[in-house]
Chemist: 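Dumping the structure here so I can ask a few things about it.
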Number of protein chains: 2
Amino acid sequence: MTKKADLPTKDKSKDGALKSITIADKEMSQRCLRGRIVLIDDDPEIVSALKSLLDMEGYACEPYLSANEFLKEQFLNKLKFPGPWCILCDVKMPEVDGLELQRQLINLGAPPLVLMSGASGASEAVEGLRAGALDFLIKPFDADRLLATLQRALIISSQRQVNTTKSFDLNERISLLSKREFDVINRVLKGQINRDIAEEEAIALRTVKHHRHLAFKKLGVTKLVDLVRLFEQNKA
Amino acid sequence: MTKKADLPTKDKSKDGALKSITIADKEMSQRCLRGRIVLIDDDPEIVSALKSLLDMEGYACEPYLSANEFLKEQFLNKLKFPGPWCILCDVKMPEVDGLELQRQLINLGAPPLVLMSGASGASEAVEGLRAGALDFLIKPFDADRLLATLQRALIISSQRQVNTTKSFDLNERISLLSKREFDVINRVLKGQINRDIAEEEAIALRTVKHHRHLAFKKLGVTKLVDLVRLFEQNKA
DNA sequence: AAAGCAATAGCACCAAAGGGCAATCAATCA
DNA sequence: TGATTGATTGCCCTTTGGTGCTATTGCTTT
């Protein structure tokens, strides 16, 4: 069914690592199978070994030997990628280490980050995880654990992109509204009735209805409940 | 301003640990100052030292020398506490260790958990944090770090209780609805108009209006937008 | 059995929402 | 400068929502 059977290098005896993934996510995980994985490690041997594994698993593995190398290339592309992706990064590296990379990536729309480290102190793990890393793999780690984590990372990336797209769409559509339309809709969302909106905006009732109508059309909703949901879901 | 000045035992030179707390949270943090902190550690000296510190800070510190001792007492009270609270627990303990406690507490409506450990392996920290622990303090740790973490924990506990109360209230109020009222409201939330609701429920239009009216009153809303928000916010 | 309550529903009225049609006015475009 | 476009508005009609008053029915309480 999956490609696991073709992998002699991987311990495939237990699937327990996947148990935190719900049945509902399985479909999505299928779509995530072909995701992009940025691999950063200063040890060429590890890079090559992991790249082989990930390639075999069907992931598009993009290897870098330093965080700077990755950052240089990414700032051109502005950390955008059309599809699920994540970063798998070593912690102990010269110049920019994994935690430093994490700090730099924060607030940059970075994808999920998975850290890994050799004989590392617990404090690094704590710092990394508290700063939002999805997992902290301690070398040598189990391939199953790695793959499960990456799968989780790609699912999260995918969900984030859906959300981003959704709120982008909403902002897009909101930007189509004229100022009046925007104001009217805001008052509608506050529960004001047309008459009061007209009064407070100092325009005619008929005009409020007009703007309300156009705004509904531009936002792609027909019913009030849909309007409220649209804004409510893209708020949290 | 705070009681910090009275504490000679505590390094109060830097407030940096608090920087992740927004201005908006400050009010709430005031209310959290007097929170309950369950302290679990098998080392009596540490328990006594930490209890002193926490007592001085104004927290209600409740010490236990083993996780079992705590669990025994809590299962009677069903892990309920009217107000913000959290658990500060050592990882390395005989019988039930911190991670085991964490596993037992999950799905039990447990409060935020802060783990601490001496010369611990990174794997324990990773496991603890991945399982949802708020922080993993490595002994010896900075008192500021501890207090900042506890403050965060109590704020989170407080917010959780607010949410729980809110959705409990909603369920409470929903349970006041008769079946008809419930069905009508559900259809209203789907955007159906009264006429169609009447048709599909095979009752008169006037009756739909009647149930709608009573349901609004029972749910404590007057406007449609409020109804939608009420259900939307208690869904996610 | 009488009273009370919830569900149902008819009648009537008013307020609010939705929208078609047409006109005015100002700014912008060709 | 004439044409176009967008914002604004009035007039008018229909649909929908909200409510008061009343009445019937069936079940529960006293």
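Letters go in sequence order (proteins before strands), and every chain restarts at 1. Just so it is clear, the model here is predicted, and its values are computed rather than measured.
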Chemist: Quickly, which of A/Lys209, A/Glu199, A/Arg212 forms a side chain to side chain donor-acceptor pair (under 3.5 Å) with A/Asn194? Name it, please.
Modeler: A/Arg212
Chemist: Quick check: on DNA chain C, is the nucleotide nearest B/Ile203 upstream (toward 5') of the one nearest A/Leu224, or the reverse? Name the residue that is more 5'.
Modeler: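 The answer here is B/Ile203.
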Chemist: At a heavy-atom distance below 4.0 Å, what parts of residues 206-220 of chain B sit against DNA chain D?
Modeler: B/Arg206, B/Lys209, B/Arg212, B/His213
Chemist: Who passes side chain to side chain contact (heavy atoms under 4.5 Å, CB included) against B/Asp183, sequence neighbours left out?
Modeler: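 B/Asp183 satisfies side chain to side chain contact (heavy atoms under 4.5 Å, CB included) with B/Lys179, B/Glu201 only.
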Chemist: Quick check for you: name the first and last nucleotides of DNA chain D, 5' to 3', having an atom under 4.0 Å from a heavy atom of chain A.
Modeler: D/dA7 to D/dC11
Chemist: Would you say the side-chain atoms of A/Glu200 and A/Gln192 include a donor-acceptor pair closer than 3.5 Å?
Modeler: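 Present: a donor and an acceptor within the cut-off.
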Chemist: For the pair made of CG in B/Leu205 and C1' in C/dC11, what is the distance, rounded to whole Å?
Modeler: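 Rounding to the nearest Å, CG of B/Leu205 and C1' of C/dC11 are 12 Å apart.
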Chemist: With a 6.0 Å cut-off (strictly less than), is the heavy-atom count around CZ of B/Phe182, excluding the residue itself, greater than 12?
Modeler: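 At most 12 heavy atoms, drawn from other residues, nucleotides or ligands, come within 6.0 Å of this atom.
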Chemist: For C/dA6, take OP1 and OP2 only and decide whether either is under 4.0 Å from a side-chain N or O of B/Ser178.
Modeler: no
Chemist: Do A/Leu39 and A/Met116 have side chains that get closer than 4.5 Å, going by heavy atoms?
Modeler: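 They are in contact (side-chain heavy atoms under 4.5 Å apart), so the answer is yes.
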Chemist: Do the side chains of A/Glu181 and A/Lys217 get close enough for a salt bridge, i.e. N-O under 4.0 angstrom?
Modeler: no
Chemist: Looking at A/Arg145 and A/Asp135, is there a salt bridge between them, counting it only when a charged N and a carboxylate O are closer than 4.0 Å?
Modeler: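 Yes, charged N to carboxylate O under 4.0 Å.
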Chemist: Can you check whether B/Glu69 reaches B/Glu73 side chain to side chain, under 4.5 Å on heavy atoms?
Modeler: no
Chemist: How long is the line joining NZ of B/Lys179 and C1' of C/dA6, in whole Å?
Modeler: 16 Å
Chemist: Once you round it to whole Å, what is the distance between P of C/dC14 and CZ of A/Arg195?
Modeler: 16 Å
